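In what follows, chains are A, B, ... by sequence order, proteins preceding strands, each numbered from 1. Given the structure is predicted, the values throughout are model-derived calculations rather than measurements. Quick note: numbers below take in every heavy atom, side chains included, and nothing from hydrogens, waters or symmetry partners.
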Amino acid sequence: MSLLFTDFASWQQHCAQTGEPLWQPVLNYEMEQKGRSEEAIWDGLQRAYDVMRDAVHTGLSENMTSRSGMINNGAKKVAASPVTVLSPEFKQLITRALGAKEVNSCMGRVVAAPTAGASGILPGVLVTLQDLHKLEDRSILEGLLVAAGIALIIEQNASLAGAVGGCQAETGSAAAMGAGAIVYCLGGSVDQALAAVAITIQCMLGLVCDPVAGLVEVPCVVRNASAAAIAFSSAQIAIAGVDPVIPVDQCVAALGEVGESMETRYKETALGGLANTPRARQIEQKVLIQDIQILPDEAQM
Amino acid sequence: MAEKSSIFDMIGPVMIGPSSSHTAGVVRIARAAIRVLGSQPTHATITFYNSFARTYEGHGSDRAIVAGLLDYPTDDKRIRESFDHAKEAGLNFTFQGVGNASTMHPNTIRLELRDERAGTQVEVIGQSRGGGVIRIVEVDGFPCDFSAALHTLIIDADDVKGSIAFIADVIAHDDCNIATMNVSRQGKNQVARQFIEIDSPLTELSLQYLRHLRWVHQVRYIPAID
(Lines give C-alpha, C1' and ligand atoms only; values in the text may rest on other atoms or scores of the structure.)
Protein backbone atom coordinates (compact mmCIF):
# COMPACT_ATOMS: atom_id res chain seq x y z
CA MET A 1 0.00 0.00 0.00
CA SER A 2 1.36 3.38 -0.97
CA LEU A 3 1.28 6.35 1.34
CA LEU A 4 -1.96 8.31 0.70
CA PHE A 5 -0.68 11.79 1.54
CA THR A 6 -3.38 12.50 4.08
CA ASP A 7 -0.99 14.47 6.30
CA PHE A 8 2.64 15.56 6.66
CA ALA A 9 3.24 13.57 9.86
CA SER A 10 2.78 10.22 8.12
CA TRP A 11 4.99 11.30 5.19
CA GLN A 12 7.72 12.32 7.62
CA GLN A 13 7.31 9.06 9.55
CA HIS A 14 7.41 6.99 6.38
CA CYS A 15 10.69 8.59 5.29
CA ALA A 16 12.18 8.15 8.78
CA GLN A 17 11.25 4.45 8.86
CA THR A 18 12.24 3.50 5.33
CA GLY A 19 15.09 5.91 4.73
CA GLU A 20 13.44 6.85 1.43
CA PRO A 21 13.91 10.36 0.09
CA LEU A 22 10.80 12.59 0.18
CA TRP A 23 9.97 12.06 -3.50
CA GLN A 24 9.96 8.25 -3.46
CA PRO A 25 6.55 7.73 -1.78
CA VAL A 26 5.04 10.39 -4.08
CA LEU A 27 6.22 8.40 -7.10
CA ASN A 28 4.86 5.19 -5.56
CA TYR A 29 1.51 6.91 -4.86
CA GLU A 30 1.08 7.86 -8.50
CA MET A 31 2.06 4.38 -9.70
CA GLU A 32 -0.33 2.59 -7.31
CA GLN A 33 -3.26 5.01 -7.21
CA LYS A 34 -3.25 6.05 -10.84
CA GLY A 35 -1.64 3.00 -12.47
CA ARG A 36 1.03 5.02 -14.27
CA SER A 37 4.42 3.49 -15.07
CA GLU A 38 7.50 5.02 -13.50
CA GLU A 39 8.74 5.98 -16.95
CA ALA A 40 5.47 7.76 -17.82
CA ILE A 41 5.69 9.72 -14.57
CA TRP A 42 9.26 10.94 -15.14
CA ASP A 43 8.31 11.80 -18.74
CA GLY A 44 5.27 13.74 -17.53
CA LEU A 45 7.37 15.65 -15.00
CA GLN A 46 9.99 16.44 -17.65
CA ARG A 47 7.25 17.72 -19.97
CA ALA A 48 5.85 19.90 -17.17
CA TYR A 49 9.28 21.33 -16.39
CA ASP A 50 9.97 21.96 -20.08
CA VAL A 51 6.69 23.89 -20.35
CA MET A 52 7.62 25.89 -17.23
CA ARG A 53 11.02 26.79 -18.72
CA ASP A 54 9.36 27.71 -22.01
CA ALA A 55 6.91 29.97 -20.19
CA VAL A 56 9.76 31.80 -18.45
CA HIS A 57 11.51 32.26 -21.78
CA THR A 58 8.33 33.36 -23.58
CA GLY A 59 7.46 35.86 -20.86
CA LEU A 60 10.89 37.45 -21.16
CA SER A 61 11.10 37.48 -24.96
CA GLU A 62 7.66 37.86 -26.55
CA ASN A 63 5.11 40.65 -26.31
CA MET A 64 3.13 40.17 -23.11
CA THR A 65 0.15 42.49 -23.32
CA SER A 66 -3.17 41.19 -22.05
CA ARG A 67 -6.45 42.06 -23.74
CA SER A 68 -7.45 44.29 -20.84
CA GLY A 69 -4.12 46.12 -21.09
CA MET A 70 -3.52 45.74 -17.35
CA ILE A 71 -0.59 43.39 -18.04
CA ASN A 72 1.98 45.07 -20.22
CA ASN A 73 5.43 43.47 -20.38
CA GLY A 74 6.18 43.93 -16.68
CA ALA A 75 8.74 41.12 -16.54
CA LYS A 76 10.81 42.59 -19.37
CA LYS A 77 10.70 46.02 -17.71
CA VAL A 78 12.09 44.56 -14.49
CA ALA A 79 14.80 42.70 -16.39
CA ALA A 80 15.82 45.89 -18.21
CA SER A 81 15.72 48.11 -15.14
CA PRO A 82 19.07 49.77 -14.40
CA VAL A 83 18.41 49.52 -10.68
CA THR A 84 19.02 46.25 -8.85
CA VAL A 85 17.43 46.63 -5.43
CA LEU A 86 18.89 43.51 -3.79
CA SER A 87 20.98 41.22 -5.98
CA PRO A 88 21.04 40.17 -9.64
CA GLU A 89 19.81 36.71 -8.61
CA PHE A 90 16.84 38.19 -6.76
CA LYS A 91 16.02 40.32 -9.77
CA GLN A 92 16.15 37.22 -11.99
CA LEU A 93 13.81 35.34 -9.66
CA ILE A 94 11.30 38.17 -9.81
CA THR A 95 11.50 38.54 -13.61
CA ARG A 96 11.06 34.80 -14.14
CA ALA A 97 8.03 34.46 -11.86
CA LEU A 98 6.47 37.57 -13.41
CA GLY A 99 7.27 36.42 -16.93
CA ALA A 100 5.79 32.93 -16.60
CA LYS A 101 2.64 34.32 -14.98
CA GLU A 102 2.29 36.99 -17.68
CA VAL A 103 2.29 34.18 -20.25
CA ASN A 104 -0.70 32.76 -18.39
CA SER A 105 -2.53 36.11 -18.40
CA CYS A 106 -1.82 36.53 -22.12
CA MET A 107 -3.24 33.14 -23.19
CA GLY A 108 0.08 31.37 -23.52
CA ARG A 109 0.94 27.80 -22.48
CA VAL A 110 1.61 27.16 -18.80
CA VAL A 111 1.51 24.42 -16.19
CA ALA A 112 -1.22 24.91 -13.60
CA ALA A 113 0.88 24.24 -10.49
CA PRO A 114 -1.22 23.81 -8.55
CA THR A 115 -3.55 26.23 -10.38
CA ALA A 116 -3.37 28.51 -13.42
CA GLY A 117 -3.51 31.59 -11.20
CA ALA A 118 -0.30 30.46 -9.47
CA SER A 119 1.43 29.24 -12.62
CA GLY A 120 4.41 31.63 -12.36
CA ILE A 121 5.67 30.59 -8.94
CA LEU A 122 7.22 27.15 -9.51
CA PRO A 123 8.76 28.19 -12.86
CA GLY A 124 10.35 31.24 -11.22
CA VAL A 125 11.58 29.25 -8.22
CA LEU A 126 12.84 26.15 -10.00
CA VAL A 127 14.51 27.78 -13.00
CA THR A 128 16.34 30.15 -10.65
CA LEU A 129 17.29 27.33 -8.27
CA GLN A 130 18.67 25.21 -11.11
CA ASP A 131 20.56 28.12 -12.60
CA LEU A 132 22.12 29.24 -9.31
CA HIS A 133 23.14 25.84 -8.04
CA LYS A 134 23.86 24.16 -11.38
CA LEU A 135 21.42 21.32 -10.65
CA GLU A 136 20.62 18.50 -13.05
CA ASP A 137 17.08 18.28 -14.46
CA ARG A 138 16.65 15.01 -12.55
CA SER A 139 17.08 16.83 -9.25
CA ILE A 140 14.46 19.42 -10.25
CA LEU A 141 12.05 16.64 -11.26
CA GLU A 142 12.50 15.05 -7.83
CA GLY A 143 11.75 18.50 -6.39
CA LEU A 144 8.54 18.56 -8.47
CA LEU A 145 7.50 15.24 -6.93
CA VAL A 146 8.10 16.70 -3.45
CA ALA A 147 6.02 19.74 -4.49
CA ALA A 148 3.22 17.46 -5.74
CA GLY A 149 3.18 15.58 -2.41
CA ILE A 150 2.85 18.89 -0.56
CA ALA A 151 -0.06 19.92 -2.78
CA LEU A 152 -1.84 16.58 -2.36
CA ILE A 153 -1.86 17.06 1.42
CA ILE A 154 -2.99 20.70 1.27
CA GLU A 155 -5.76 19.76 -1.17
CA GLN A 156 -7.12 17.16 1.25
CA ASN A 157 -6.89 19.24 4.41
CA ALA A 158 -7.50 22.78 3.18
CA SER A 159 -7.89 23.80 -0.48
CA LEU A 160 -5.90 24.78 -3.56
CA ALA A 161 -8.64 26.90 -5.17
CA GLY A 162 -9.02 30.66 -4.82
CA ALA A 163 -12.79 30.32 -5.10
CA VAL A 164 -12.75 28.03 -2.05
CA GLY A 165 -9.89 29.26 0.11
CA GLY A 166 -8.78 32.64 -1.25
CA CYS A 167 -5.39 33.54 -2.71
CA GLN A 168 -3.60 31.90 0.23
CA ALA A 169 -4.88 28.58 -1.12
CA GLU A 170 -3.48 29.20 -4.62
CA THR A 171 -0.31 31.27 -4.39
CA GLY A 172 0.20 30.18 -0.77
CA SER A 173 0.17 26.52 -1.75
CA ALA A 174 2.42 27.12 -4.76
CA ALA A 175 4.92 28.98 -2.57
CA ALA A 176 4.83 26.13 -0.03
CA MET A 177 5.44 23.63 -2.83
CA GLY A 178 8.37 25.71 -4.04
CA ALA A 179 9.88 26.12 -0.57
CA GLY A 180 9.75 22.37 0.10
CA ALA A 181 11.33 21.67 -3.28
CA ILE A 182 14.15 24.16 -2.68
CA VAL A 183 15.09 22.61 0.66
CA TYR A 184 14.93 19.10 -0.81
CA CYS A 185 17.03 20.01 -3.87
CA LEU A 186 19.70 21.69 -1.72
CA GLY A 187 20.12 18.60 0.46
CA GLY A 188 18.07 19.69 3.46
CA SER A 189 16.55 17.07 5.75
CA VAL A 190 12.95 15.88 5.61
CA ASP A 191 12.19 17.90 8.74
CA GLN A 192 13.71 21.02 7.19
CA ALA A 193 11.71 20.62 3.96
CA LEU A 194 8.47 20.32 5.92
CA ALA A 195 9.49 23.24 8.14
CA ALA A 196 9.85 25.29 4.95
CA VAL A 197 6.25 24.39 4.07
CA ALA A 198 5.09 25.40 7.55
CA ILE A 199 6.93 28.73 7.45
CA THR A 200 5.61 29.53 3.98
CA ILE A 201 2.02 28.92 5.05
CA GLN A 202 2.62 31.15 8.07
CA CYS A 203 3.75 33.90 5.67
CA MET A 204 0.92 33.54 3.17
CA LEU A 205 -1.98 32.98 5.58
CA GLY A 206 -4.97 35.24 5.14
CA LEU A 207 -4.35 36.42 1.61
CA VAL A 208 -7.66 37.07 -0.14
CA CYS A 209 -8.53 36.46 -3.80
CA ASP A 210 -9.67 39.84 -5.14
CA PRO A 211 -8.92 39.97 -8.87
CA VAL A 212 -9.62 43.29 -10.62
CA ALA A 213 -12.50 42.86 -13.10
CA GLY A 214 -12.40 39.16 -12.28
CA LEU A 215 -9.39 38.70 -14.54
CA VAL A 216 -6.33 36.63 -13.61
CA GLU A 217 -4.06 39.69 -13.91
CA VAL A 218 -4.08 42.20 -11.03
CA PRO A 219 -2.92 41.45 -8.37
CA CYS A 220 -2.25 37.83 -9.46
CA VAL A 221 0.89 38.58 -11.48
CA VAL A 222 2.74 40.55 -8.77
CA ARG A 223 1.65 38.03 -6.15
CA ASN A 224 3.33 35.29 -8.13
CA ALA A 225 6.58 37.24 -7.81
CA SER A 226 6.18 37.86 -4.07
CA ALA A 227 5.20 34.24 -3.46
CA ALA A 228 8.37 33.10 -5.25
CA ALA A 229 10.39 35.40 -2.98
CA ILE A 230 8.64 34.03 0.11
CA ALA A 231 9.44 30.47 -1.03
CA PHE A 232 13.14 31.40 -0.94
CA SER A 233 12.99 33.27 2.36
CA SER A 234 11.16 30.34 3.99
CA ALA A 235 13.64 27.83 2.56
CA GLN A 236 16.55 29.93 3.83
CA ILE A 237 15.07 30.00 7.34
CA ALA A 238 14.11 26.32 7.38
CA ILE A 239 17.35 24.89 5.99
CA ALA A 240 19.19 26.66 8.81
CA GLY A 241 17.19 24.51 11.23
CA VAL A 242 14.94 27.25 12.61
CA ASP A 243 11.89 25.73 14.26
CA PRO A 244 8.55 26.92 12.81
CA VAL A 245 7.02 26.18 16.26
CA ILE A 246 3.58 25.37 14.84
CA PRO A 247 3.80 21.92 13.20
CA VAL A 248 3.18 21.86 9.45
CA ASP A 249 -0.08 19.88 9.69
CA GLN A 250 -1.46 22.45 12.10
CA CYS A 251 -0.42 25.24 9.74
CA VAL A 252 -2.39 23.49 6.98
CA ALA A 253 -5.40 23.20 9.30
CA ALA A 254 -5.14 26.94 9.97
CA LEU A 255 -5.03 27.55 6.21
CA GLY A 256 -8.25 25.57 5.88
CA GLU A 257 -9.91 27.35 8.80
CA VAL A 258 -9.04 30.82 7.51
CA GLY A 259 -10.23 29.83 4.02
CA GLU A 260 -13.55 28.54 5.33
CA SER A 261 -14.29 31.64 7.36
CA MET A 262 -13.30 34.04 4.56
CA GLU A 263 -16.25 35.94 3.16
CA THR A 264 -17.43 35.10 -0.35
CA ARG A 265 -16.49 38.52 -1.64
CA TYR A 266 -12.83 37.61 -1.07
CA LYS A 267 -13.02 34.37 -3.00
CA GLU A 268 -12.52 35.13 -6.69
CA THR A 269 -15.90 36.85 -6.98
CA ALA A 270 -14.41 40.29 -7.74
CA LEU A 271 -16.71 41.83 -5.13
CA GLY A 272 -14.23 42.84 -2.42
CA GLY A 273 -10.72 44.04 -1.73
CA LEU A 274 -8.76 45.43 -4.68
CA ALA A 275 -11.59 44.42 -7.01
CA ASN A 276 -13.92 46.79 -5.17
CA THR A 277 -11.74 49.90 -5.38
CA PRO A 278 -12.91 52.89 -7.46
CA ARG A 279 -10.14 52.34 -10.00
CA ALA A 280 -11.02 48.66 -10.33
CA ARG A 281 -14.66 49.57 -10.94
CA GLN A 282 -13.61 51.98 -13.70
CA ILE A 283 -11.53 49.29 -15.34
CA GLU A 284 -14.43 46.88 -15.06
CA GLN A 285 -16.64 49.26 -17.04
CA LYS A 286 -14.11 49.22 -19.83
CA VAL A 287 -13.18 45.54 -19.78
CA LEU A 288 -16.46 43.79 -19.11
CA ILE A 289 -19.04 43.29 -21.82
CA GLN A 290 -21.92 45.66 -21.21
CA ASP A 291 -24.08 44.63 -24.15
CA ILE A 292 -25.78 41.55 -22.74
CA GLN A 293 -29.38 40.51 -22.36
CA ILE A 294 -30.55 40.48 -18.73
CA LEU A 295 -33.37 38.05 -17.98
CA PRO A 296 -36.18 39.24 -15.66
CA ASP A 297 -35.72 38.30 -12.02
CA GLU A 298 -37.25 34.88 -11.52
CA ALA A 299 -37.07 35.04 -7.73
CA GLN A 300 -40.76 35.97 -7.30
CA MET A 301 -42.05 33.32 -9.67
CA MET B 1 -14.44 8.49 -0.53
CA ALA B 2 -13.58 10.96 -3.23
CA GLU B 3 -11.35 9.81 -6.06
CA LYS B 4 -7.68 10.44 -5.25
CA SER B 5 -6.01 13.22 -7.21
CA SER B 6 -3.11 12.55 -9.54
CA ILE B 7 0.22 14.31 -9.05
CA PHE B 8 -0.46 15.66 -12.54
CA ASP B 9 -3.46 17.53 -11.16
CA MET B 10 -0.99 19.18 -8.76
CA ILE B 11 1.77 19.73 -11.36
CA GLY B 12 -0.61 20.23 -14.25
CA PRO B 13 -2.50 20.23 -16.42
CA VAL B 14 -0.44 21.85 -19.11
CA MET B 15 -2.90 24.38 -20.49
CA ILE B 16 -3.44 27.68 -22.22
CA GLY B 17 -4.08 30.49 -19.74
CA PRO B 18 -5.51 32.35 -18.05
CA SER B 19 -7.93 30.07 -16.20
CA SER B 20 -8.92 26.42 -16.26
CA SER B 21 -12.64 27.20 -16.10
CA HIS B 22 -12.51 30.01 -18.68
CA THR B 23 -10.14 28.47 -21.23
CA ALA B 24 -9.53 24.71 -20.74
CA GLY B 25 -13.12 23.90 -19.71
CA VAL B 26 -14.56 26.04 -22.49
CA VAL B 27 -12.40 24.34 -25.13
CA ARG B 28 -13.62 20.95 -23.89
CA ILE B 29 -17.31 21.95 -24.05
CA ALA B 30 -16.86 22.87 -27.71
CA ARG B 31 -14.91 19.69 -28.48
CA ALA B 32 -17.71 17.63 -26.93
CA ALA B 33 -20.35 19.58 -28.88
CA ILE B 34 -18.75 19.06 -32.30
CA ARG B 35 -18.63 15.34 -31.58
CA VAL B 36 -22.36 15.41 -30.85
CA LEU B 37 -22.84 17.20 -34.19
CA GLY B 38 -20.60 14.62 -35.87
CA SER B 39 -18.56 17.04 -37.95
CA GLN B 40 -16.88 20.43 -37.97
CA PRO B 41 -19.64 23.06 -38.05
CA THR B 42 -19.83 25.82 -40.65
CA HIS B 43 -21.99 28.03 -38.44
CA ALA B 44 -22.01 28.53 -34.69
CA THR B 45 -24.11 30.75 -32.43
CA ILE B 46 -22.47 30.91 -29.03
CA THR B 47 -24.31 32.18 -25.95
CA PHE B 48 -22.43 32.84 -22.72
CA TYR B 49 -24.55 32.92 -19.57
CA ASN B 50 -24.29 34.58 -16.17
CA SER B 51 -20.71 35.01 -14.93
CA PHE B 52 -19.42 34.08 -18.40
CA ALA B 53 -21.61 36.69 -20.12
CA ARG B 54 -19.57 39.72 -19.04
CA THR B 55 -16.12 38.18 -18.75
CA TYR B 56 -15.83 35.99 -21.82
CA GLU B 57 -13.72 38.51 -23.72
CA GLY B 58 -11.44 39.39 -20.81
CA HIS B 59 -10.75 35.74 -20.06
CA GLY B 60 -10.39 34.79 -23.71
CA SER B 61 -13.30 32.34 -23.48
CA ASP B 62 -14.45 33.53 -26.92
CA ARG B 63 -11.19 32.37 -28.48
CA ALA B 64 -11.27 29.20 -26.40
CA ILE B 65 -14.75 28.20 -27.59
CA VAL B 66 -13.82 28.80 -31.25
CA ALA B 67 -10.60 26.82 -30.74
CA GLY B 68 -12.67 23.96 -29.36
CA LEU B 69 -14.99 24.11 -32.37
CA LEU B 70 -11.82 23.64 -34.45
CA ASP B 71 -11.00 20.64 -32.18
CA TYR B 72 -7.79 22.11 -30.77
CA PRO B 73 -6.65 20.46 -27.52
CA THR B 74 -6.56 22.52 -24.31
CA ASP B 75 -2.77 23.08 -24.43
CA ASP B 76 -2.66 24.19 -28.08
CA LYS B 77 -0.84 27.48 -28.58
CA ARG B 78 -3.09 28.29 -31.57
CA ILE B 79 -6.01 28.95 -29.17
CA ARG B 80 -5.02 32.61 -28.83
CA GLU B 81 -5.29 33.11 -32.61
CA SER B 82 -8.31 30.84 -33.11
CA PHE B 83 -10.42 33.53 -34.81
CA ASP B 84 -7.93 33.70 -37.68
CA HIS B 85 -7.85 29.92 -38.01
CA ALA B 86 -11.66 29.76 -37.97
CA LYS B 87 -11.76 32.01 -41.00
CA GLU B 88 -9.45 29.66 -42.89
CA ALA B 89 -11.54 26.65 -41.80
CA GLY B 90 -14.80 28.23 -43.01
CA LEU B 91 -16.34 28.49 -39.57
CA ASN B 92 -18.70 31.44 -39.07
CA PHE B 93 -19.56 32.39 -35.52
CA THR B 94 -21.47 34.96 -33.50
CA PHE B 95 -21.53 35.62 -29.77
CA GLN B 96 -24.21 36.74 -27.39
CA GLY B 97 -24.38 37.14 -23.62
CA VAL B 98 -27.30 36.50 -21.27
CA GLY B 99 -27.25 37.52 -17.61
CA ASN B 100 -29.40 36.61 -14.63
CA ALA B 101 -30.31 33.14 -15.91
CA SER B 102 -30.94 32.02 -12.35
CA THR B 103 -31.71 28.38 -13.11
CA MET B 104 -28.38 27.92 -14.87
CA HIS B 105 -24.90 27.22 -13.52
CA PRO B 106 -22.76 30.42 -13.31
CA ASN B 107 -20.45 29.26 -16.11
CA THR B 108 -22.84 28.01 -18.77
CA ILE B 109 -22.50 28.04 -22.57
CA ARG B 110 -25.13 27.25 -25.21
CA LEU B 111 -23.84 26.19 -28.61
CA GLU B 112 -26.11 26.16 -31.65
CA LEU B 113 -24.06 24.42 -34.31
CA ARG B 114 -24.85 23.81 -37.95
CA ASP B 115 -22.92 21.99 -40.66
CA GLU B 116 -24.24 23.35 -43.93
CA ARG B 117 -22.42 20.74 -46.01
CA ALA B 118 -23.86 17.77 -44.10
CA GLY B 119 -27.23 19.43 -43.46
CA THR B 120 -26.98 18.70 -39.73
CA GLN B 121 -27.49 20.85 -36.68
CA VAL B 122 -27.43 20.47 -32.92
CA GLU B 123 -27.94 22.53 -29.79
CA VAL B 124 -25.74 21.72 -26.82
CA ILE B 125 -25.61 23.28 -23.35
CA GLY B 126 -22.48 22.80 -21.27
CA GLN B 127 -21.13 23.94 -17.91
CA SER B 128 -17.53 24.66 -17.00
CA ARG B 129 -17.16 23.43 -13.43
CA GLY B 130 -13.58 24.52 -12.65
CA GLY B 131 -10.25 22.79 -13.13
CA GLY B 132 -11.19 22.09 -16.76
CA VAL B 133 -13.99 19.76 -15.68
CA ILE B 134 -17.19 20.06 -17.73
CA ARG B 135 -20.74 18.71 -17.79
CA ILE B 136 -22.89 18.59 -20.90
CA VAL B 137 -26.39 19.09 -19.50
CA GLU B 138 -28.65 19.33 -22.55
CA VAL B 139 -28.60 18.13 -26.16
CA ASP B 140 -31.43 19.29 -28.45
CA GLY B 141 -33.70 19.82 -25.46
CA PHE B 142 -33.00 16.38 -23.97
CA PRO B 143 -31.55 16.71 -20.44
CA CYS B 144 -28.32 14.82 -19.84
CA ASP B 145 -25.27 14.87 -17.60
CA PHE B 146 -21.97 13.69 -19.06
CA SER B 147 -18.41 14.90 -18.62
CA ALA B 148 -16.72 13.68 -21.85
CA ALA B 149 -13.93 12.43 -19.56
CA LEU B 150 -15.31 8.91 -20.09
CA HIS B 151 -16.61 7.41 -23.35
CA THR B 152 -20.16 8.51 -24.13
CA LEU B 153 -22.90 6.90 -26.19
CA ILE B 154 -25.94 8.89 -27.29
CA ILE B 155 -28.62 6.56 -28.60
CA ASP B 156 -31.99 7.56 -30.05
CA ALA B 157 -34.37 4.62 -30.02
CA ASP B 158 -38.08 3.86 -29.97
CA ASP B 159 -39.56 4.01 -26.49
CA VAL B 160 -40.19 0.26 -26.30
CA LYS B 161 -40.04 -2.22 -23.44
CA GLY B 162 -36.65 -3.80 -22.89
CA SER B 163 -34.67 -1.38 -25.07
CA ILE B 164 -32.53 -0.17 -22.17
CA ALA B 165 -31.84 -3.70 -20.95
CA PHE B 166 -30.95 -4.82 -24.48
CA ILE B 167 -28.50 -1.99 -25.08
CA ALA B 168 -26.95 -2.45 -21.63
CA ASP B 169 -26.49 -6.13 -22.50
CA VAL B 170 -24.69 -5.34 -25.77
CA ILE B 171 -22.36 -2.99 -23.88
CA ALA B 172 -21.73 -5.60 -21.18
CA HIS B 173 -20.89 -8.24 -23.80
CA ASP B 174 -18.23 -5.89 -25.13
CA ASP B 175 -16.68 -6.01 -21.63
CA CYS B 176 -17.62 -2.37 -20.98
CA ASN B 177 -18.85 -1.11 -17.64
CA ILE B 178 -21.60 1.55 -17.57
CA ALA B 179 -20.63 4.45 -15.31
CA THR B 180 -23.70 6.68 -15.66
CA MET B 181 -26.92 6.58 -17.63
CA ASN B 182 -29.54 9.15 -18.43
CA VAL B 183 -32.77 8.44 -20.30
CA SER B 184 -35.55 10.77 -21.35
CA ARG B 185 -38.21 10.73 -24.02
CA GLN B 186 -40.29 13.15 -26.03
CA GLY B 187 -43.43 11.34 -24.93
CA LYS B 188 -44.78 7.88 -24.24
CA ASN B 189 -44.07 5.47 -27.14
CA GLN B 190 -42.11 8.16 -28.95
CA VAL B 191 -38.37 8.53 -29.40
CA ALA B 192 -36.27 8.14 -26.25
CA ARG B 193 -32.72 9.33 -25.96
CA GLN B 194 -30.18 7.48 -23.85
CA PHE B 195 -26.92 9.05 -22.69
CA ILE B 196 -24.57 6.33 -21.48
CA GLU B 197 -21.09 6.88 -20.07
CA ILE B 198 -18.80 3.85 -20.16
CA ASP B 199 -15.40 3.26 -18.57
CA SER B 200 -13.63 1.62 -21.53
CA PRO B 201 -14.01 2.09 -25.30
CA LEU B 202 -16.74 0.25 -27.20
CA THR B 203 -15.66 -1.71 -30.29
CA GLU B 204 -16.71 -0.70 -33.79
CA LEU B 205 -18.54 -4.02 -34.15
CA SER B 206 -20.83 -3.29 -31.19
CA LEU B 207 -21.50 0.19 -32.53
CA GLN B 208 -22.44 -1.28 -35.93
CA TYR B 209 -24.71 -3.83 -34.27
CA LEU B 210 -26.51 -1.14 -32.28
CA ARG B 211 -26.93 0.98 -35.41
CA HIS B 212 -28.28 -2.04 -37.28
CA LEU B 213 -31.20 -2.57 -34.88
CA ARG B 214 -34.56 -1.68 -36.45
CA TRP B 215 -35.81 0.26 -33.38
CA VAL B 216 -32.58 2.26 -33.02
CA HIS B 217 -32.56 5.51 -35.02
CA GLN B 218 -29.20 7.03 -34.28
CA VAL B 219 -26.06 6.09 -32.36
CA ARG B 220 -23.45 8.71 -31.60
CA TYR B 221 -20.22 7.63 -29.94
CA ILE B 222 -17.91 10.16 -28.27
CA PRO B 223 -14.58 8.72 -27.11
CA ALA B 224 -13.09 10.39 -24.02
CA ILE B 225 -11.75 13.91 -24.67
CA ASP B 226 -8.47 14.65 -22.92
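Here the CD1 atom belonging to Ile289(A) is positioned 7.0 Å from the CG atom belonging to Asp62(B), to the nearest 0.5 angstrom. Considering CE of Met104(B) and CG of Leu295(A), their distance stands at 9.0 Å, rounded to 0.5 Å.
Contact annotation for Ser68(A): neither backbone nor side-chain heavy atoms come within less than 4.5 Å of a heavy atom of chain B. At a 4.5 Å heavy-atom cutoff, the contact between Tyr29(A) and chain B is made by side-chain atoms alone. Heavy atoms of Val110(A) lying under 4.5 Å from chain B belong to its backbone as well as its side chain. Heavy atoms closer than 4.5 Å to chain B are found nowhere in Ile154(A), neither backbone nor side chain. Heavy atoms closer than 4.5 Å to chain B are found in both the backbone and the side chain of Ile41(A).
Counting only heavy atoms from C-beta outward, the side chains of Met15(B) and Ser119(A) never approach each other to under 4.5 Å. By the 4.5 Å heavy-atom criterion applied to side chains, Glu30(A) and Phe8(B) are counted as neighbours. With a 4.5 Å cut-off on side-chain heavy atoms, Arg67(A) and Glu57(B) count as touching.
Between the side chain of His59(B) and the backbone N or O of Gly214(A) there is at least one donor-acceptor pair closer than 3.5 Å. In this structure, the side chain of Asn100(B) does not engage the main chain of Ile294(A) through any donor-acceptor pair within 3.5 Å.
Taking each heavy atom of Ile7(B) and Leu45(A) in turn, the nearest pair found is CD1-CD2, 4.4 Å. Between Gly12(B) and Val111(A) the shortest heavy-atom distance is N-CG1, 3.5 Å. Among all heavy-atom pairs drawn from Val14(B) and Arg47(A), the shortest one is CG1-NH2, 3.7 Å. Scanning both residues, Arg80(B) and Cys106(A), for their nearest heavy atoms gives NH1-O, 2.7 Å. Residues Ser19(B) and Ala116(A) come closest through the heavy atom pair CA-CB, 4.1 Å. Closest of all the heavy-atom pairs between Gly60(B) and Met107(A) is O-CE, 3.5 Å.
Contact count versus chain B (heavy atoms, under 4.5 Å) is highest, among Leu215(A), Leu4(A), Val103(A), for Leu215(A). The choice from Asp75(B), Ile79(B), Thr55(B) that makes the most heavy-atom pairs within less than 4.5 Å of chain A is Asp75(B). For the set Gly58(B), Pro13(B), Ser20(B), the entry with the most heavy-atom pairs within less than 4.5 Å of chain A is Pro13(B).
Paired with Lys4(B) under the rule side-chain hydrogen bond (donor to acceptor under 3.5 Å, both in side chains), one option of Gln156(A), Glu32(A), Gln33(A) passes, and it is Gln156(A).
Residues of residues 23-54 of chain B lying under 4.5 angstrom from chain A, judged on non-hydrogen atoms, are Thr23(B), Ala53(B), Arg54(B) by number.
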